[in-house]
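Some notes on the structure that comes next.
Everything numeric here is computed off the predicted structure, so don't read it as measured data.
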Amino acid sequence: VAASRARAAQRQVLKAEFVKKFTNPMNGLQAGGHVFDPAMQRFMSMKVSKGDFYRFNTKNAWGFMWLTVIPVLAIYKHLNSEHEKRERDFRSGAIPYSERAWKYD
């Protein structure tokens with residue numbers, strides 16, 4: 001119970017400090033016009049330096065494969081098979097020239 005009261009008191013102190021800084025009309029002239037938040041700074045620093053700590057492993061490789069390589073290959077295979085079927089029908093005469101969607105008039 002004492003710990004929760006201490007946290008509540010600390011939260012009230014921090015809230016009062018934030019309101020004081022945020023509503024200060026002179027804040028635009030000093031400190032760049034914003035309230036410095038250490039937690040936000042840590043988060044932004046983490047986002048910037050995420051690439052420095054990236055390690056390639058099999059889980060990342062499979063994620064890359066499933067999100068990029070396999071869909072591209074599946075789309076290519078689907079479109080190429082449709083193209084080959086249409087081309088086969090055109091060359092065999094199953095579709096007359098007059099019924100084609102794209103033709104020279």
More than 12 heavy atoms of other residues, nucleotides or ligands under 6.0 Å from CZ of F43: is that the case? no

Between R55 and N60, which heavy-atom pair has the shortest distance, and what is it? O-ND2, 2.7 Å

Hits for salt bridge (Lys or Arg N to Asp or Glu O under 4.0 Å) against K47, two or more places apart or cross-chain, chain-then-number order -> none

Roughly how far, to the nearest 0.5 Å, is NZ of K50 from OG of S45? 13.0 Å

Is R86 close to H83 at the side-chain level, that is, under 4.5 Å between some pair of heavy atoms? yes

Under 6.0 Å from the OH atom of Y76, do we count more than 12 heavy atoms belonging to anything else shown? no

Side-chain heavy atoms of R42 within contact of M46, under 4.5 Å: no

Indicate yes or no: does E87 engage R91 in a salt bridge with an N to O separation below 4.0 Å. yes

Hey, does E84 have a side-chain heavy atom less than 4.5 Å from the side chain of N80? yes

Which of L67, V69, T68 passes side-chain contact (heavy atoms from CB on, under 4.5 Å) with M65? Answer is V69

Would you say the side chain of V13 lies within less than 4.5 Å of the side chain of E17, judging by non-hydrogen atoms? no

